[in-house]
Amino acid sequence: MKVCSIAAPATAEEAQAIQDALRPRLDLTGPGPRDPALVAGVDVAYADDLLAAAVVVLDGTSLDVVEQVTVPGRPAFGYVPGLLAFRELPSLVEALERLTVTPDLIVCDGYGLAHPRRFGLACHLGVLTGLPTIGVGKTAFVGSFEPPGRERGSWSELLLDGQVVGRVLRTRDGVKPVFVSVGHRVDLETACHDVLALTPRHRLPETTRAADRLSRSALKAALAASA
């Protein structure tokens with residue numbers, strides 16, 4: 001899998017300029033893959049100045065693991081709210097490039113359009129890979145919303161400056177919702193359909209759960225190796 005080269009900013013201003021330059025490349029209309037055959041989850045675990053990026057590809061029907069890759073490394077950028085992608089992208093991109101299969105959809109543990117600059121990690125990864133990408137956040141990073149109904153599948157609009165930037169989606173009856181936003185080459189309706197398909201038993205998508213476990217395990221190994 002080939003990924004476009006990554007610009008390495010030295011300052012927050014340079015990072016914001018990169019986001020501004022890449023934003024016009026977004027395809028926010030999709031429609032994107034409905035019931036994709038292969039779905040990748042990505043996540044990054046941190047400890048001190050170490051990180052471990054993980055990519056897990058699941059079968060879209062059975063949700064069994066097809067392939068997984070981890071890349072240990074160090075944050076490539078300082079922590080600045082709204083610029084988190086620049087800390088993680090080099091290691092995530094390396095992990096994606098090591099895959100021997102190409103996923104039909106990438107699910108990020110984070111945000112896409114629901115971002116202060118309308119360009120979260122899901123947008124950035126989508127533009128770099130050219131693949132359909134969505135963000136599924138555990139909490140609201142930006143915007144306002146009304147609580148959705150208590151039943152699985154209920155949703156409400158996530159609004160930022162009067163514009164819809166995502167949906168607040170209930171994936172389990174009576175359990176806290178997740179925050180779905182499109183990244184690239186997927187529309188919001190398809191994104192929510194796919195998220196519900198990826199949450200048959202738990203609040204978070206199985207892709208996110210698998211990538212979280214793998215990244216934590218890889219980080220533990222990296223810490224042990226550096227001790």
Side-chain angles (χ1 to χ4, degrees), residues 3-32 40-44 46 51 53 73-96 105-146 155-169 177-192 194-195 205 208 211:
V3 183
C4 291
S5 60
I6 308 167
T11 66
E13 290 74 20
E14 289 181 12
Q16 291 174 355
I18 291 169
Q19 291 177 330
D20 292 340
L22 293 180
R23 191 183 305 106
R25 301 186 191 180
L26 291 175
D27 174 356
L28 302 176
T29 60
V42 300
D43 202 3
V44 178
Y46 291 91
L51 62 77
R74 297 185 184 278
F77 193 76
Y79 176 75
V80 180
L83 301 177
L84 181 64
F86 292 97
R87 291 172 61 81
E88 305 180 348
L89 277 170
S91 296
L92 278 177
V93 164
E94 183 177 345
L96 285 165
L105 176 69
I106 298 175
V107 180
C108 297
D109 178 23
Y111 309 93
L113 201 60
H115 178 272
R117 303 180 67 81
R118 308 298 202 280
F119 202 78
L121 175 63
C123 295
H124 211 142
L125 264 187
V127 170
L128 292 179
T129 62
L131 296 176
T133 310
I134 64 175
V136 183
K138 302 179 185 71
T139 58
F141 181 38
V142 295
S144 60
F145 61 93
E146 295 294 330
W155 60 270
S156 60
E157 293 179 335
L158 180 63
L159 300 171
L160 179 62
D161 299 328
Q163 296 180 327
V164 176
V165 294
R167 284 184 183 174
V168 185
L169 179 66
V178 297
F179 297 80
V180 181
S181 56
V182 300
H184 184 54
R185 294 183 57 200
V186 185
D187 64 36
L188 192 51
E189 185 70 32
T190 301
C192 289
D194 290 340
V195 169
T208 299

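Within the 4.5 Å cutoff, the side chain of R25 has no heavy atoms near those of the H184 side chain. Within the 4.5 Å cutoff, the side chain of C108 has heavy atoms near those of the L125 side chain. Inter-residue side-chain proximity for P177 and W155 is flagged as unmet; no heavy-atom pair is nearer than 4.5 Å. The shortest distance between side-chain heavy atoms of V164 and L158 does not fall below 4.5 Å. Counting heavy atoms from C-beta outward, E88 and Y46 have side chains that approach closer than 4.5 Å. Side-chain contact between S91 and V44 is absent, with no heavy-atom pair separated by less than 4.5 Å. Between R167 and E189, some side-chain heavy-atom pair lies under the 4.5 Å cut-off.
For the atom pair CD (Q163) and CG (L113), the distance works out to 8.0 Å, reported to the nearest 0.5 Å. Residue T129 holds its OG1 atom at 4.0 Å from CD1 of I106, rounded to the nearest 0.5 Å. Between E14 atom CD and L83 atom CG the span is 11.5 Å, to the nearest 0.5 Å. Taking CD1 of I134 as the start and SG of C123 as the end, the distance is 11.5 Å to the nearest 0.5 Å. In this structure, T190 OG1 and R185 CZ are separated by 12.5 Å, a value rounded to the nearest 0.5 Å. In this structure, the separation between CG on L188 and OG on S181 is 8.0 Å, given to the nearest 0.5 Å.
Minimum heavy-atom separation, A76 to P90: CB-CG, 3.6 Å. Shown here for G82 and Q19, the closest heavy-atom pair between the two residues is O-NE2, 3.2 Å. The shortest heavy-atom contact between L51 and A53 is CD1-N, 4.1 Å. Across every non-hydrogen atom of F179 and K138, the tightest pair is CE1-O, 3.8 Å. Closest non-hydrogen pair, A191 versus V186, comes out as N-CG1, 3.7 Å. Pairing each heavy atom of G137 with each of Y111, the nearest pair is CA-CE2, 4.0 Å.
Classification of the F77-F86 ring pair by plane angle, with boundaries at 30° and 60°, yields tilted.
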Practice item. Decide yes or no on side chain to side chain contact (heavy atoms under 4.5 Å, CB included) for L121 and L84, but give the supporting numbers first. Key: CA-CA 7 Å; L121 175 63; L84 181 64; over 6 Å; no

Practice item. With side chain to side chain contact (heavy atoms under 4.5 Å, CB included) as the test, would you mind laying out the steps for V80 and R87 before giving the verdict? Key: CA-CA 9 Å; V80 180; R87 291 172 61 81; over 6 Å; no

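Checking each of D27, T133, L28, V165 against V182 for a side chain to side chain contact (heavy atoms under 4.5 Å, CB included) leaves exactly one that passes, namely L28.
The backbone N or O of R23 sits nowhere less than 3.5 Å from a side-chain atom of R117 that would complete a donor-acceptor pair.
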